[in-house]
Amino acid sequence: MKLQAVFSRDELVSFAGQWLPLKLILGDPTKDDRFLMLTDPKAIELVPNAGLRIACRAQIRWPVLGISVPITARTLSVLLTPSIASIEGHPALVFRLKIEQADLSGVPARLDGTVTDAINRALSERVKPTWKFGQSLTRVVPMPAILATTQSIELEVQSGAVEVSHEGFTFQLTLSASAPRRDLHPVP
């Protein structure tokens, strides 16, 4: 059996707009020494077969030449990309965030790419919002005794798929269902 959820472009843009400002801690959370704070969204758009692009301003704290300095990005473009991965043997919906382009002020132009690459490495290692839908939607539902022949209904997530188009974000999952029978003892 297949289940499908579609989030329209307008729903996604509205939802993404609620996230900002968004602060991402990229270092030790107790020190707050490395972070990326996305603010002031200028444009939010769907990129087919890729994800959700957000163009915004940003505040960054990142070490440059060994000194942790505040950096302002007048414009920054990030891409939030959904994918399906196997986690602990079950399918999961994983989101990855990547800076596509940044105009960093206060950083020498030759270091822009170096800083952006370092932040993207930290994002890929630390920032992966994940929904383990394979685990959360696989269920065994016991049936009451009044249903004398059916022990339970078992739903198991087999796989998932995600697609991004100009119209929206489509999430689909495939489930198997079974209804194990109770052992009935003949009545004498």
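No hydrogens, no waters, no symmetry mates; every other heavy atom, side chains included, goes into these values. When a residue number appears, it is its place in the shown sequence, counting from 1. Quick caveat: nothing in here was measured; it's all calculated off a predicted structure.
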Item to check | Common cluster, Ile54/Leu79, ILVMFWY with side-chain heavy-atom separation under 4.5 Å | outcome: no
Item to check | Derivation and outcome, side-chain contact (heavy atoms from CB on, under 4.5 Å), residues Val164 and Val47 | outcome: CA-CA 7 Å; Val164 179; Val47 180; 5.8 Å; no
Item to check | Chi angles and distances behind the side-chain hydrogen bond (donor to acceptor under 3.5 Å, both in side chains) call for Arg96, Ser83 | outcome: CA-CA 8 Å; Arg96 289 182 171 77; Ser83 65; 3.2 Å; yes
Checklist entry - Given the rule that I, L, V, M, F, W and Y join up when any side-chain heavy atoms are under 4.5 Å apart, are Leu76 and Phe35 in one cluster? => result no
Checklist entry - Just one of Met1, Glu154, Gln158 clears the side-chain contact (heavy atoms from CB on, under 4.5 Å) bar with Ser176, so which one? => result Gln158
Checklist entry - What pairs of residues pass the salt bridge (charged side-chain N to carboxylate O under 4.0 Å, His left out) test when at least one of them lies in residues 127-144, not counting sequence neighbours? => result Glu88-Lys132
Item to check | Distance in Å, Leu155 CG paired with Ser178 OG, rounded so as to fall on 0.5 Å steps | outcome: 8.0 Å
Checklist entry - Got Leu3 and Leu137 here, is their nearest side-chain heavy-atom distance under 4.5 Å? => result no
Next on the checklist: Which heavy atom of Ser152 sits nearest to which heavy atom of Pro142, and what is that distance?
Outcome noted: CB-CA, 4.0 Å
Checklist entry - So do the side chains of Phe169 and Val162 get within less than 4.5 Å of each other, counting heavy atoms only? => result yes
Checklist entry - So do Thr114 and Thr116 actually touch side chain to side chain, heavy atoms under 4.5 Å? => result no
Checklist entry - Under 4.5 Å between any side-chain heavy atoms of Leu97 and Phe95, yes or no? => result no
Checklist entry - Do any N or O atoms from the side chain of Arg182 and from the backbone of Thr150 form a donor-acceptor pair under 3.5 angstrom? => result yes
Checklist entry - Do Leu26 and Val127 touch side chain to side chain, with heavy atoms closer than 4.5 Å? => result yes
Next on the checklist: Looking only at side-chain N and O atoms, does Ser77 offer a donor or acceptor that is under 3.5 Å from a partner on Glu100?
Outcome noted: yes
Item to check | Approximate separation, where rounding is to 0.5 Å, of Asp33 CG and Thr30 OG1 | outcome: 8.0 Å
Item to check | Verify same cluster id: Leu24, Trp62 (apolar side-chain graph, 4.5 Å) | outcome: yes
Ignoring hydrogens and angles, write down the donor-acceptor pairs under 3.5 Å from the side chains of residues 10-21, residues two or more places apart or on other chains.
unit_1 : atom_1 : unit_2 : atom_2 : d
Glu11  : OE1    : Ser8   : N      : 2.7
Glu11  : OE1    : Ser8   : OG     : 3.3

Next on the checklist: Is there a path of hydrophobic side-chain contacts, each under 4.5 Å between heavy atoms of I/L/V/M/F/W/Y residues, joining Leu173 to Phe7?
Outcome noted: yes
Checklist entry - How far apart are the closest heavy atoms of Gly51 and Pro82, and which atoms are they? => result CA-CD, 4.0 Å
Next on the checklist: Can you tell me how far apart NZ (Lys2) and CD (Gln172) are? Round to the nearest 0.5 Å.
Outcome noted: 4.5 Å
Checklist entry - Under a 4.5 Å cut-off applied to non-hydrogen side-chain atoms, are Ile87 and Val94 in contact? => result yes
Checklist entry - What's the spacing between Met37 CE and Arg57 CZ if we round to 0.5 Å? => result 12.0 Å
Next on the checklist: side-chain contact (heavy atoms from CB on, under 4.5 Å) for Leu46 and Glu167? Distances and angles first, verdict last.
Outcome noted: CA-CA 8 Å; Leu46 286 166; Glu167 290 79 37; over 6 Å; no
Checklist entry - Parallel, tilted or perpendicular: which describes the rings of Phe171 and Trp131, with under 30° parallel and over 60° perpendicular? => result tilted
Next on the checklist: Just so I know, are the side chains of Ile153 and Met143 near enough to count as touching, which here means a heavy-atom distance under 4.5 Å?
Outcome noted: yes
Next on the checklist: Test your reading of the model: is there a side-chain donor-acceptor pair from Asp103 to the backbone of Ala73, 3.5 Å cut-off?
Outcome noted: no
Checklist entry - Strictly by modelled atom types, are Thr138 and Glu156 linked by a side-chain donor-acceptor pair under 3.5 Å? => result no
Next on the checklist: Between Cys56 and Asp40, is there a side-chain heavy-atom distance shorter than 4.5 Å?
Outcome noted: no
Checklist entry - Any idea which heavy atoms bring Ser159 and Phe133 closest together, and the distance? => result O-CE1, 4.1 Å
Checklist entry - Do Gln135 and His90 pass the side-chain contact (heavy atoms from CB on, under 4.5 Å) test, and can you show the C-alpha distance, the side-chain angles, and the key distance before you say yes or no? => result CA-CA 6 Å; Gln135 288 178 333; His90 297 280; 3.4 Å; yes
Item to check | For the student: nearest non-hydrogen atoms of Ala58 and Leu38, plus distance | outcome: CB-CD2, 4.2 Å
Next on the checklist: If you count heavy atoms of other groups shown closer than 6.0 angstrom to CG of Asp28, is the number above 12?
Outcome noted: yes
Checklist entry - Would Arg53 and Glu45 pass as an ion pair if we require N to O under 4.0 Å? => result yes
Checklist entry - Can Ile119 be reached from Leu22 by stepping across I, L, V, M, F, W or Y side chains whose heavy atoms are under 4.5 Å apart? => result yes
Next on the checklist: Rounded to the nearest 0.5 Å, what separates atom NZ in Lys98 from atom CG in Leu80?
Outcome noted: 13.5 Å
Item to check | side-chain contact (heavy atoms from CB on, under 4.5 Å) evaluation trace for Thr72 with Leu104 | outcome: CA-CA 6 Å; Thr72 299; Leu104 305 178; over 6 Å; no
